[in-house]
Amino acid sequence: MRKLTENCKTIAITCRQWGDTGKGKFVDLFADWADIIARGVGGDNAGHTICAGEKTLIMHLIPSGIFNDSKGKHNVIGSGVAFNPRSFLKEIETLDLAHLSHNRLSVAYNAKLILPTHGLLDKLREAVANGGKIGSTGKGIGPVYADHADRQGLTVNDLLNRDFFQKKIIRHLEYKTRILRAFDSELINQIAAKDFELNRFLKNGKFDAEAITEAYMEYGRLIGRYVADTDDLLRTAVGNLNILLEGAQGDLLSVDYGTYPYVTSSDCTAGGLARGVGLNESQIDLSLGIIKGFYMTRVGCGPFPTERGGKKSDEWCNGGHANKAKEDMLYAGASVGDEDEFIAGIALRQAGGEYGATTGRLRRVGWLDLPLLRYVRKFNSEDIILTKLDVLSTCEEIKICHHYIYHGPDFAYAGEKIHDGDKIREGDELYEAIPDALVLEACEPVYEVFPGWKEDIRGCRNFDSLPQNLKKILEYVVCETDIRPRILSVGPRPEETIFI
Ligand code: IMP
Ligand code: MG
């Protein structure tokens with residue numbers, strides 16, 4: 001650990017997949033080194049699960065570094081974050097109940113404020129999507145960032161000024177009311193009926209500016225003491241104090257670089273993260289990217305070439321009828337080695353505890369996809385953390401997707417490195433993924449198959465003690481994608497970690 005952080009002042013930890021790779025554990029580990037821990041993207045759509053001592057807690061909006069508040073660490077919710085005041089206060093309550101302090105927590109005055117209209121619009125978009133559903137968490141993340149870009153948004157600072165808030169919310173609602181008229185009022189009522197927060201602000205299908213102002217002023221009264229110019233704080237601290245930038249979601253969910261349009265609405269790469277706290281990417285001294293040890297997961301819709309069980313798994317996880325309890329009952333005793341990939345996938349989900357931390361949804365699971373990893377490696381550092389390696393310990397064999405075979409219509413593409421010629425055609429081999437959902441859906445993965453290591457590795461504390469078969473797979477991934485593994489995680493606990 002000391003070797004890794006040597007000469008570093010600013011370290012970023014982000015995910016190189018579709019999120020949920022175990023950032024929480026590493027933010028917690030690096031928090032010891034850090035003076036400041038800052039989040040810069042996403043909002044309460046995220047979910048960070050952390051095992052701290054005997055406690056396991058999930059945070060959505062507040063940085064995972066908060067568990068180190070009592071050690072004098074400063075936690076920051078940066079200006080790039082979509083800020084839901086209600087979620088924030090709920091998490092403060094969770095911390096209070098667990099007797100965890102939050103004395104050094106700051107919220108950017110210019111963070112984007114989530115309003116009741118945003119959650120509704122998020123859910124409406126999904127309801128009328130007709131096959132184009134994103135599988136959003138429904139927290140209003142897309143609409144709040146859209147409003148920001150469309151110059152219709154409010155910020156956290158507006159919580160502190162009744163007059164200005166009122167003026168802005170009236171203007172905001174006037175525009176939104178016109179848009180909402182395009183939707184079936186019955187549908188709006190149905191959505192509101194399931195959502196207490198929404199219901200309290202909607203009167204006869206119309207948003208009540210007065211009620212929203214009252215509620216948000218009360219939020220402001222409670223949140224005011226956390227509000228600060230955090231961009232300035234970070235700019236002053238950079239180069240002097242140790243700063244840990246805590247990512248959310250993952251590169252493949254980035255609105256700018258991910259598997260568009262099945263992405264979230266902020267740029268969750270290290271570059272976007274730096275910008276979201278008032279810094280720029282070149283100020284990051286060490287950018288660590290997390291991938292799961294030889295598998296991947298995705299919550300929500302969108303292409304997933306290596307998904308175990310393919311379409312069947314997608315439908316099962318996203319169809320809205322399955323949940324953990326039902327799955328556990330129907331597929332008790334499922335084995336990761338089952339011949340049926342769908343069932344093997346369920347077993348892997350059970351072994352890895354792969355359920356959405358925010359929505360409880362089943363995470364779709366699949367093998368590690370090197371074309372996607374090669375793609376994200378193009379705009380990222382080589383430094384990688386591999387997590388959850390222990391989850392695959394019982395597998396007879398481990399498959400790694402080496403490349404794809406394309407089965408779609410001719411596709412013009414500027415990336416010459418991918419294919420010599422200007423078009424990708426039926427039967428072509430693709431070594432680097434193209435971040436276009438329709439192209440990825442037409443890609444068939446070609447696997448390299450390795451024998452599993454078949455032994456418990458949670459007790460391994462150094463690289464040499466790891467099974468030979470595991471090292472062979474790692475070596476293969478390193479050669480193929482030019483990554484440099486820096487940390488291996490062999491279990492959820494802090495001590496189940498190997499620094500290389
Ligand atoms: P939204 O960010 O709620 O709009 O959701 C857009 C997509 O990103 C959906 O597929 C979500 O499941 C996914 N997503 C958003 N946040 C996270 C996260 O923290 N981890 C994993 N997936 C996420
Ligand atoms: Mg998560």
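For this chain, numbers begin at 1 and follow the sequence in order. Whatever order the structure lists ligands and atoms in, that order sets their numbers, starting from 1.
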Criterion salt bridge (Lys or Arg N to Asp or Glu O under 4.0 Å) on Glu307 and Arg364, from CA distance to verdict: CA-CA 7 Å; Glu307 181 166 15; Arg364 299 153 68 194; 2.9 Å; yes
With the Mg ion (ligand 2) as the apex, the O/OD1 angle for Gly47 and Asp20 - to 10°: 160°
Residues Arg349, Glu354: salt bridge by 4.0 Å N-O rule: no
Parallel, tilted or perpendicular, as decided by the 30° and 60° cut-offs, for the rings of Tyr406 and Phe411: tilted
Salt-bridge present (Asp20, Lys292; N to O < 4.0 Å): no
Nearest neighbour in protein (non-hydrogen) for atom 2 (O) of ligand 1: Thr264 OG1, 2.6 Å
Nearest-contact summary for atom 10 (O) of ligand 1 - protein heavy atom, Å: Val299 O, 3.0 Å
Protein heavy-atom partner closest to atom 3 (O) of ligand 1 - residue, atom, separation in Å: Thr137 OG1, 2.5 Å
Aromatic ring proximity, centroids under 6.0 angstrom, Phe304 and Trp18: yes
Criterion side-chain contact (heavy atoms from CB on, under 4.5 Å) on Ile346 and Glu327, from CA distance to verdict: CA-CA 8 Å; Ile346 289 173; Glu327 183 170 90; 3.6 Å; yes
Distance filter under 4.0 Å to Trp18 heavy atoms, resulting ligand 1 atoms: 21 (C), 22 (N)
Proximal ligand 1 atoms for Asp20, defined as those under 4.0 Å from one of its heavy atoms: 20 (N), 21 (C)
Nearest non-hydrogen protein atom, atom 7 (C) of ligand 1: Val263 O, 3.9 Å
Whether Arg361 lies under 4.0 Å from ligand 1, heavy atom: yes
Ring geometry between Phe83 and Phe88 (parallel below 30°, tilted from 30 to 60°, perpendicular above 60°): tilted
Polar atom proximity, Asn45 to ligand 1 (N or O, under 3.5 Å): yes
Residue-ligand contact Gln249/ligand 1, heavy atom below 4.0 Å: yes
Among Gly135, Cys15, Gly300, closest by any non-hydrogen atom to atom 9 (C) of ligand 1: Gly135
Atom 19 (O) of ligand 1: the protein heavy-atom neighbour that sits closest, reported with distance to 0.1 Å: Ala46 CA, 3.1 Å
Closest protein heavy atom to atom 22 (N) of ligand 1, given as residue, atom name and distance to 0.1 Å: Leu253 CD1, 3.5 Å
Taking atom 5 (O) of ligand 1 as the reference point, the nearest protein heavy atom with its distance: Ser136 CA, 3.4 Å
Under 3.5 Å side-chain donor-acceptor pair for His102 and Asp96: yes
Donor-acceptor pair between Lys326 and Asn323 side chains, under 3.5 angstrom: no
